There are 2 protein chains.
Amino acid sequence: MEKPSIKDVAEKAGVSIATVSNVVNKKGRVSEKMIDRVQSIISEMGYSPNISARGLKQQQSYLIGVIVPFQQQDGNLQDNPFYWNLVSGIELGARNEKFHVILSGINEENADALDFVKDRHLDGLVIVGTYEDSPITQKINQLNIPCVYIDSYLKDKNCYEVYLDDEKGAYEGTKYLLNHGHQNIAVISGELEGGVTTARLRGHIDALNKNGLLFSEENHIVAPVSIEGGLHTANQILALKDISAIFCFSDVTAFGVMKGLHDLGVNIPEDLSIMGFDDLYFSKYLSPPLTTISQDIILKGKTATELLIGQIDHKVNIERKNTIPIKIMERNSIKPFNDKLI
Amino acid sequence: MEKPSIKDVAEKAGVSIATVSNVVNKKGRVSEKMIDRVQSIISEMGYSPNISARGLKQQQSYLIGVIVPFQQQDGNLQDNPFYWNLVSGIELGARNEKFHVILSGINEENADALDFVKDRHLDGLVIVGTYEDSPITQKINQLNIPCVYIDSYLKDKNCYEVYLDDEKGAYEGTKYLLNHGHQNIAVISGELEGGVTTARLRGHIDALNKNGLLFSEENHIVAPVSIEGGLHTANQILALKDISAIFCFSDVTAFGVMKGLHDLGVNIPEDLSIMGFDDLYFSKYLSPPLTTISQDIILKGKTATELLIGQIDHKVNIERKNTIPIKIMERNSIKPFNDKLI
DNA sequence: AAATTATTTGCAATCGTTTTCATTATTTTT
DNA sequence: AAAAATAATGAAAACGATTGCAAATAATTT
């Protein structure tokens, strides 16, 4: 039994397809009687509109695209559990508004894969973790459709963005370390090309300066944002003299650092204190449980979708830049230094 | 500048739209000269077909749905990094075949959310981790469209499935423990409702029996598949007498078990050996690195998409049941017991 | 009751493709 | 060189909705 079309419904109800369409979309003027009659036939036949046809006519799809970085390493995808929650949040937000989500992994090289956005008439895009002038950003600008960027720190004041309060997070994290007597802090960050790292570094330096201290590049290690990345810094960290604490700008890196240090016989937090950033699922189960800056990833995703759908529906007064608050998750990877207690 | 339609291309090339269509789809008979001419105008104008229009005509959407379990706990989504890779694999497989993926989280209670499958005329569905007679399965059966189930172990011999070789994995894992002298093994598994757990248990028991040993329910602990789930079994494990090894049917649980045991002062693998299952991203970075049964999650996702698209395209001779091979990742969480070496 | 107005309903064009089949152009055969 | 066979192209009809506007019907006013 084929799925009935609007024509089938119209015939059975003895009315025109225009009327059925009006009933379905609650548009135009249709009498109560007619609405009831058509409505009951619709549910009897199990009719629902063909979205391809509607999309063709209306040039809209009620579909939003989610573009996530999609890095391949030796033929395998890079595993970043962070994104799963984000996408879940986006999906949740979309579903509440009768939109659906098309997922598209993409990388810097094949920005052409974005052509599907036009072909499918996507209504909007959520883009995760790109940066100013990246090939992806450029391609997306040409598309000229509603967009919301997550964690991208673009300079364009008009584009919609949602990001964590990275600067404040790093500021508070650093302050927390300072309050626990740590004056000499190593920083492990990702590459500076992304705005996220820059913002976190700014917050860190600011906190240092406000407390009469100077940031020293010598204590700054740049490493890939991954467990391996952290792991490989262990020796460099030990070579740093006088540091009493490490501020890892991501939990995934902190995981690696802790593992590397542990294998070298360093005790945490007795020998060295560690602060993380992100509060991933496993962070509270590390040994010791990692003190870190937490963010509500689901909220981040949901907020992005709301902003996007707001744009699509031409709502006014939507904030262009949205910040998700941070919170320090105090656990056991930091111990007071030099008897200088809180 | 609007996106050009096939008509625009046809006009500029001075040919009919039928010809352009034939060129685009490599159908019908078109002369070489014509192909070149049209092709170059297509790329000059940046034409690509409108998928809604094509879908309307062909009664296809070139869209596949991915249904993943979506469990909320205290208002938050359950975090299972496992799915991210799976979805990535599915997306990758789909993209290679000009399909796109619509993501839909769903839980047992709101199976009605599946109505979008009809409305969007999805061409097929990949369903992850459901089970026989679940509300989701029932709803999906009514939909009557091509489906592929992942990790679901349905009884229906006609439905398409892809799963890990769970039974063999558990068999080999157990044999490995046995070969290392462990005769008394505790098992931590998830609930038995899902076929995955049952299959793994079967493999385990089989290996035991083949070696003249009996499975004892006393050594079997059922716990939620999560870090917490594993963590909370630590005390129960210590209460078990005479065991020398633990076989965790998932790495995420093993993570929790290791953490719980570590906090109780148990040394791994000196006091107790541990075998995991899944080989998650972090498993090789645990302390000690976890010996576990690995699966190629991306391959699993890709295979599912291939099966699905095969069905959609009415290919024949597609295997109904597909098994992804396992491999033991030998690391350092298991040590020989009783001097009975390999 | 006729004229006016308000309310319902339906006609038909349109969106951008694919696809069948007729037509025209080209080549081959006689 | 005409006839037959083959190859290349195009005209037009779908596919299933939405929508502006005309037509029909009902309600109101004169």
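In what follows, chains carry the letters A, B, and so on, assigned in the order in which the sequence lines appear, proteins first and then strands, with residues in each chain numbered from 1. Every value quoted in this text rests on a predicted model; they were computed, and no experiment measured them.
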Integer-rounded Å distance: C:dG16 P and B:Lys3 NZ: 9 Å
Given DNA chain D, 5'-ward residue of the pair B:Gln58 and B:Ala18, judged by closest heavy atom: B:Ala18
What is the distance, rounded to the nearest whole Å, between atom CG of A:Asn50 and atom P of C:dT17? 16 Å
Charged N to carboxylate O below 4.0 Å: is that the case for A:Asp119 and B:Arg54? no
Test item: A:Arg120 and A:Ser61 side chains (from C-beta on) under 4.5 Å apart, heavy atoms: no
Once you round it to whole Å, what is the distance between P of D:dA17 and CD of A:Gln60? 17 Å
Expressed as a whole number of angstroms, how long is the span from A:Lys27:NZ to D:dG20:C1'? 12 Å
What is the distance from CG of B:Asn22 to C1' of D:dA8, rounded to the nearest Å? 10 Å
Could you tell me the separation between the CG atom of B:Leu56 and the C1' atom of C:dT14, rounded to a whole number of Å? 12 Å
Looking only at the side chains, is there a donor atom on one of A:Lys3 and A:Ser48 sitting less than 3.5 Å from an acceptor on the other? yes
Looking for any heavy atom pair under 4.0 Å, which part of the strands does B:Arg54 touch: base, sugar-phosphate only, or nothing? sugar-phosphate
Does this structure show an ion pair linking B:Lys302 with B:Glu306, if we count only N-O contacts that are shorter than 4.0 Å? no
